[in-house]
Structure formats: C-alpha cells, structure tokens
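Please read the structure below before turning to the comments.
Protein chains get the first letters and strands the later ones, always in sequence-line order, with residue 1 at the start of each.
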Amino acid sequence: MHHLTLAELAAGLAAGDFSSRELTETLLNRVQAHDGDLNSFITVCPERALAQADAADARRAAGRAGPLTGLPVAHKDIFCTRGLRTSAGSKMLDAFVAPYDATVVERLDAAGMVLLGKTNMDEFAMGSSNESSHYGPVRNPWDTATVPGGSSGGSAAALAARLVPAATGTDTGGSIRQPAALSGITGLKPTYGRVSRWGMIAYASSLDQGGPMARSAEDCALLLGAMAGFDPRDSTSAQVPVPDYAAALGGELAGLRIGLPREYFGAGLDADVARAVEAAIDEYRRLGATLVEVSLPSTELAIPAYYVIAPSEASSNLARFDGVRYGHRCAAPRDLHDLYTRSRGEGFGAEVKRRIMVGTYALSAGYYDAYYLKAQRIRRLIRDEFLRAFETVDVLMGPTSPSVAFGLGEKADDPIALYLADIYTVAVNLAGLPAISLPCGFKQGLPVGLQIIGRHFDEARLLAVAHRYQQVTDWHRRAPAGYA
Amino acid sequence: MEWEAVIGLEIHTQLATKSKIFSGAPTAYGAEPNTQACAIDLGLPGVLPVVNAEAVRMAVMFGLAVDATIAPRSVFARKNYFYPDLPKGYQISQYELPVVAHGRLDITLADGSHKRIGITRAHLEEDAGKSLHEDFHGMTGVDLNRAGTPLLEIVSEPDLRSAQEAVAYMKKVHQIVVYLGICDGNLQEGSFRCDANVSVRRKGATAFGTRAEIKNINSFRFVERAIEHEIERQVELLEGGGQVVQETRLYDPDRDETRPMRSKEEANDYRYFPDPDLLPLELDAACVAAARAALPELPDARRARFVEAFGLSPQDAEALTASRPFADYFEALVAAVGGDAKLCANWMMGEFAAALNRAGLDVTASPLGPARLAGVLQRLRDGTLSGKLAKEVFDAVWAGEGDADAVIAARGLRQITDSGAIEAIVAEVIAAHPKQAEQYRAGQEKLFGFFVGQVMKASRGKANPQQVNDLLAARLKG
C-alpha cells in the first residue's frame, strides 16, 4: 500500500481495507529497509507512531475519524515536537527536546495523523542540496549519487521513495519547491502568513513558511487544509479564512490566463528542463488555458537581495544558540567569551557560519544602508512587479530549478553556484507569494519540476491548476527504480 | 570661569502589566529564580513574541499625559548583543520609530518658578534577566524572571541644567507614571531607574560638551549626588587642561563617586533592524481616543483644581496632590466631612501624615479610612470635641478602638459646654487659690494661664477652652 497517495490511503482506511496500524507498520518497515541508503530521517519514532496509529484506529471505530485520521506523516526536523528531539539538522541542537509542539505539529496531531519521524534537512534550513546536515547528506532515490535538493531534502526523498505518503517542509528561498522538483514529488510553499510559524525553528523570519509535501496536488490540498489558519501565537500569521482546498480541486481550466515570465526561460536554464517545462505548459494550453508572456525585470536582483536579507535575519535568529541555556556547550569554558566562541564554533557547520558572518556584516553600522536597506527596496520592487503581472494573468509558470539533481559533492566547494540555482524560487519568498512545484518530466532519469506561482492567498487555485495537470499526466505517479 | 551643566535623563519605567511584554509569563517581583519565565522568555528555538496590548495602552497613556505625539505606526527592532542574561541574543526595543515622541512637562524649581522640559521620545522594550555573580564560586548564575518585563524608556531632551533640576524632573515623571497607574514606582525593586547623560560647557556657549553617561541610578538622592559629582569631575578635568572622554560610568553610592564602566568606542555595534517576528504597531485614532478617555486627572490639573475649588494655598495643594492615593483620600475626606477643606487639609498634612509616618505606612495601607477620620473632624466641628480632645480621639480611632463616637462615649470625652457647669468649676478654682487671684488682680496678668490650666485640669480637659477663657476673665475681674 506504500505506493498509494494520501487521498487513496484515506479512502482505504475509511473503507476498512486496512487499519492505521497495518499501514504504519508497513511504512516503518520500509523506512527500516531503505533509509540506510537514503538517510532521509534523522529520528524515527516507531513506538510513538504505533500508539498514535492505535489511537487513530480507535477513533475511527468510535466514528470520530476525520479525513486525515490514521494517515502517516513525517515532519521536517525544524518543527518542534514535544518530547521528541528537534535538531534542525545541527550539532547545536543534537540533544534538544522541545517542551512544546509547533502549531503545524499540533494541528496534524489533532487531525489524527501518525508521526513516523523527523526528516533530515540542511542545517537550520540553509542549503539547497541537503549536504549541510550534521546527520550527513540525504541521497536522491532516483539516483543515490545525486542530491535530493534542500533544505527539505529528507521529506522530499522519503516521499519519492514511498517511505511516507505525506510530509512537512519549510521554504525560505525554495526549500520545499526545489527538493520537490529534484526528487519528483509535489510541494507547496503557501503565502507568507498562511501557516503558523510557531514552533518552527527560524532561519529568516520574514521569508520562512511551512507547507505540505506529498506525491500529488490533491494530497497537498488535504494537508494544507489542516495546517493553515490564523494562530494567535504568531503575530505574522494572517487572519484570512481557510477555504476547503480539497473541494476546490475540480473545475476546468478554460479561461485561465497563464503568465510566462520571459526571465524564467533565459540563459542558465538547462535545455532539457526547458523542454519538459514547455511541454507541460503546452498541455495547459490544450486544456483551455491562455498563455501570456510577461516580464519580471528585477528577477536577477532577487538572489543578491535574498542573500542579504536572509543571512541578516539568520545572524540575529541564531544568536540564541549561545551554549548558555540549551544546545551544544563546549567542554570546560575558560570564560564567557570562550564559552560563546567555542560553543558556536563547534555547534555550527560551515554554511551556517558563512551566513551568520554575511548577515552580521550586512547589518553592521556603516553597511546597513548599502546592503540591508537596499535589499529591502529591491524586495518591494520585486513584489510590485509580481502584483503588476497578476493584473493580467491568474498564475505564473516556469521551471522550479534551472537543472535536475546534481551529483553529491559536485557543488560543495562552490556556494555561489548553489545560490545562483535559487534563481526561480527566491523571488517568490521575497514577495510572500504562494507557489507549487510538481513533476513534469525527466532528464536522463532525473525528475524535472514545473513551478506555478499564484496571487497572495490563492493556494486553492494553484492546487486546482496543478491537480488538473495531474489528472491528465502520470509524471507524479512514477516511482524511482527499487522504490516502486 | 563659570560652567554650565547640560543633562538629559533616560528613565526606564517598568510597566505594571500582569504579564510580560511578549509572553504570557507573570511579572511578579521577588519570586524564586527562573520560575516566572516561559519558553518565550527563555528564547527557546521556534518561539515567537506577541505584543502585550496592555503595555501598548500604558505607553499611549504616558504619551498623552505629556502632550506627546502618538505614532500611528511604530516599529519594534532588534538590538543585537550577546550576554548570558539576554536569552535571544537580542533585545526587542523600538529604535527609529518609537510609539511616543515630542512630549513635554513642567517642573517646579526651588524658587517656585516653572521650567518646561522636552521629552524626545518614549519607547517600549523588554527588560533583560539578571546575572548573579555571588554565591556561584567563580561562575555566573542567570535568573530570567525579569527577562521580557515591559519597560517604557522615557528620554528627555538635554534641557536640564543642574542636579536639582534633574531630580525635579525625575520626580515629576515618577509622579505622572504612578498617577497613571502604569508603574508601581518602586525604586528599590528597580521599577523606576535612570541613566543620566551629563556634560558641561562654558556659560554662554551653545555647543554641547562631550558627555558621559551614568548608568542605572535607582534613587532620587543618588541621581542628585551622581550628577553633582560628575559635574565636579568634568569641570576639574577641563580646568586642569584635560578632556572629557565619552564613556559610560557607574555611580558607586558607597564611595559616592562615579567611575568608568566601559568605553563607548569599545561598545557593541547593536546592528538594529526591524524585528521580522512582529508587525509594525499600528494605533488608530479610536485606540488613542480610548486611552485618552481613560486618563485620570493628572497632578498639575488636580493641584490647580484644589486651589480653585477648595480655596487651598498652592503649597497645601501641592502637598495634598503629591500622590494620587493621598489626593483621593483628601477628596473623600472633604466629602465625608461635608466641607471645611482647610480643616481637612490641616489634619491630613498634620496628625494623619504624622501617624502614617510613625507607623511607616503608605496612605493606601492606612488603618483609618476617610470616613473614620471624618467622624473625628465632625465632632470637632460641632463642638463635641476640643482640638486637644480631637487629637486624643484620633489616636484612639487610629489604634482601632472604634469610631469617633464610640471612643467619645467609652472614654467620656465629650466636651463640657454647659456654662453653668464651667462657671461652677471656675468659681471653685478661684476660691481654692485666693492668693493667686489677688496677685492677678494686682496686675500679674500672666497668672491667667495658671487659672486656665487649673480649670482644664479640674474638668479633666473637657471644658470648652473658649468658654473657660470668657468665664475666668469675667470672674477674676470681680
């Protein structure tokens, strides 16, 4: 049953074809059998999962089951889970157990979902290859010599390998969409403020957004419905009603205006990726949509702006990891300065240190105006360009990533090359928009992702548009060899 | 050479909210270490701040009380620095856009004249925890109970010209925040503390001298002394051909001196930037209007009204309005007595204040409510009691022997006003002291006091003094 989608598993549970315990045991066995190769989990919690599965079965027997009751899920290890380690992929938090649940965890828990474990990720969500994790790199099930993408690479790989039917991720500059593309699954980055950030360890607070990852748009709709909504504990969460995403999936595409940003199909885009994306767009045209060429001229400024704003916020967000109250503390500190420098020096990896230094520099007196403030101005410009485009189109489409999965270690010594590969994803975060990535083809056996960007709080449309494509294609149904 | 001091104060007012500024943890003082700090105050990963609306309301009330502008949009910023008692590695404060700006208040100088002092800004921020260096054998303990306590930092213009003016200003701000009920005003517990920026310049100069900042002064007396010492130090330095270094200094009340804490040059670059976890604080006109409607009468207005409505002297009005509960007590007393504000004022500032003082009590802890005190004053006004008896009754009522009438009845202290009865006593006394009566009649008029004393003694203090005087005078003539 591991190959079934979340929606199909829900139907199976409802029909009594299998119990949540049977499903959970099956998947736990799969994790045990395959994750040695993939390293997609940091923590697996079989006892807790089976107890939750039994509770879900009891709830179903009592006639109180909801649409997600008894369905297994894995959380990116950036969402705090009460009583279960939350590491953020860092040595710094290797021994950290939160005394509270993230809102996302709490909500999926209340929906009756069964937590299988916590997935691997780039350290503090900084990375797009999942190689910066303290727990080692995650391997892409489509080719274990390649990366799954990041930072939510553990969730993406576990989904692609059919170890879980549903997972959570976070997306600060593409960390849901890019691994979804590289691992051949479907992932949605919601509008900033749509999903509560409470209990989600911060990387860059004004950009971070939690969202669903699954194997279809329909599954993402089911998950998002449970995850989204106002949370009084997060001042930046939006008081916007949550529509019934699953119910909004039907409908035809006639009249849909699709914008194609010229800048998303230019130099740097792999020709095979371009072909796959163009073929998908052509499919949409056949389904009745109108194609409109648009321009987002500030696209190339998104990367420098992002790599000022995100590290600036990160340098401050990560100051709390000082070895004083929790987290890694160096052995036998000589004095306060020694405690700080060695605890942080030992606890953080190279990429995290790089971003803390960049951010500290950008916020320093004398540089603040030239870097941080200027980046914020570019951010407004980018947002305005998107909003102008959405005056004439309903969604924007393009590639999620300029290339397919690259080899493990291939870009490890070239952080700039990694940063540049975020070209199609970071602007969306800067503008606070929702976007989804879904599989639309392959290049030499490696998945290609199509990105669809929507208006603020227009997730229902994004999901419906993606779902329509998945009704007439089967890219999302393909499984990597050995994991079918 | 004549020197002039230029002083500005930054006052940290702890707002009297029940919970912290960004979390629901309680703010009570004096609890066991780390028992009043929740996950947010501890800066655990993934937690988020939510601003306490009550703290915002209090800041707005202060702004309105000092005629300031209330910013329709203000921004919380992060002040980044590492310290063990700063859990997040940054303090949430307001930097470029504070909630309150451009206020002012008037202080009264020693000669009775008034001086207007500008208030540059007042901004909301969170307090840090406490580092405890004693009892930890070469280590440092951290108590985070205070972390996240709401503070309103009130920054004055450099309008103050002497230590005395600085104290008058600090007292005035103290009076206002306590009147508003937004601060308990407790200096010992650190609810109200200040930093002083002090510089000196030649009289007549317009440019400012280099300033030193004196940190964390927590009493009115220390403010005065710290500033005086700092002025002296700077003048001596300059007159000796030296220069003032911009630095932070600490006042040591035991040695009565200031000494350098850390040099500003070495100080942190705080890397302020808007806190992305908090939306800008937006206050609409309705919200400001609601705060305005909730403002109590402020000390200056109340003092003026006391002069106007009760016919009190400005000095008496000032003394009675020094604190809001004292003024409230006074108004309740006048209402209960049914007039005679002057009598009420005299008793409040006399017997009542003295009794509070002896017992070391604040008016809010007085064992004697306004109604009870009014009972004593009514018996004084209707002639039942003489002034002297009234004081005896007051003491008994204070001691808890019941209300005025009960004490009068129990102790038989009713004043004798029956002329016949007093006349009989007068006659008796004169008859008992024929020699003195003779001497008085021969011109030794100072013996009159002796006879008054004898009559009062014979009446056990209860004879109406005026009647005793009149009747004695008449009889002794005869």
message: Rounded at 0.5 Å granularity, tell me how far OH in B:Tyr272 sits from CG in A:Leu363.
response: 13.0 Å
- prompt: Does the A:Arg233 side chain pair with the main chain of B:Leu48, one donor and one acceptor, at a distance under 3.5 Å?
  reply: no
Residue A:Phe96 versus chain B: region with a heavy atom under 4.5 Å: side chain
- request: Rounded to the nearest 0.5 Å, what's the gap from CZ on B:Arg78 to CD on A:Glu313? Could you check?
  value: 7.0 Å
message: I'd like to know whether NZ of A:Lys374 has more than 12 heavy-atom contacts from other residues, nucleotides or ligands below 6.0 angstrom.
response: no
query: Out of B:Asn80, B:Val47, B:Leu279, B:Ile40, which one racks up the most heavy-atom pairs below 4.5 Å with chain A?
result: B:Val47
field: Proximal component of A:Thr360, with respect to chain B [non-hydrogen, under 4.5 Å]
entry: both
- request: Look at A:Leu207, A:Leu373, A:Asn317, A:Asp208 and state which one has the largest set of heavy-atom pairs under 4.5 Å with chain B.
  value: A:Asn317
- request: Look at atom OH of B:Tyr95 and say whether more than 12 heavy atoms of other residues, nucleotides or ligands are closer to it than 6.0 Å.
  value: no
message: Quick check for you: to the nearest 0.5 Å, what is the distance between B:Arg271 atom CZ and A:Ser312 atom OG?
response: 10.0 Å
query: Can a donor-acceptor pair be found between the side chains of B:Tyr90 and A:Arg320 at a distance below 3.5 Å?
result: yes
query: More than 12 heavy atoms of other residues, nucleotides or ligands under 6.0 Å from NE2 of A:His337: is that the case?
result: no
- request: Determine the option with the most heavy-atom pairs under 4.5 angstrom with chain A, choosing from B:Ala39, B:Gly89, B:Pro45.
  value: B:Pro45
Closest-packed option against chain A by number of heavy-atom pairs under 4.5 Å, given B:Leu44, B:Asp277, B:Val50: B:Leu44
query: Can you tell me how far the CZ atom of B:Phe82 sits from the CG atom of A:Leu339, to the nearest 0.5 Å?
result: 11.0 Å
Closest approach of A:Ser235 to B:Leu278 (non-hydrogen atoms, all atoms of both residues): OG-CD2, 3.8 Å
- request: Side chain from CB out, backbone as N, CA, C, O: work out which of these in A:Ala365 comes under 4.5 Å of a heavy atom of chain B, or both, or neither.
  value: both
- prompt: So which part of A:Leu336 gets closer than 4.5 Å to some heavy atom of chain B, the side chain, the backbone, both or neither?
  reply: side chain
A:Tyr192, part contacting chain B, at a heavy-atom distance under 4.5 Å: side chain
message: Can you tell me if A:Tyr307 has over 12 outside heavy atoms packed within less than 6.0 Å of its OH?
response: yes
- request: Quick one: pull up OG in A:Ser315 and CZ in B:Phe273 and give me the separation to the nearest 0.5 Å.
  value: 6.0 Å
field: Residue among A:Phe321, A:Tyr372, A:Phe79, A:Trp198 with most heavy-atom pairs under 4.5 Å to chain B
entry: A:Trp198
query: Closest approach of B:Pro84 and A:Tyr340, non-hydrogen atoms and distance?
result: N-OH, 3.1 Å
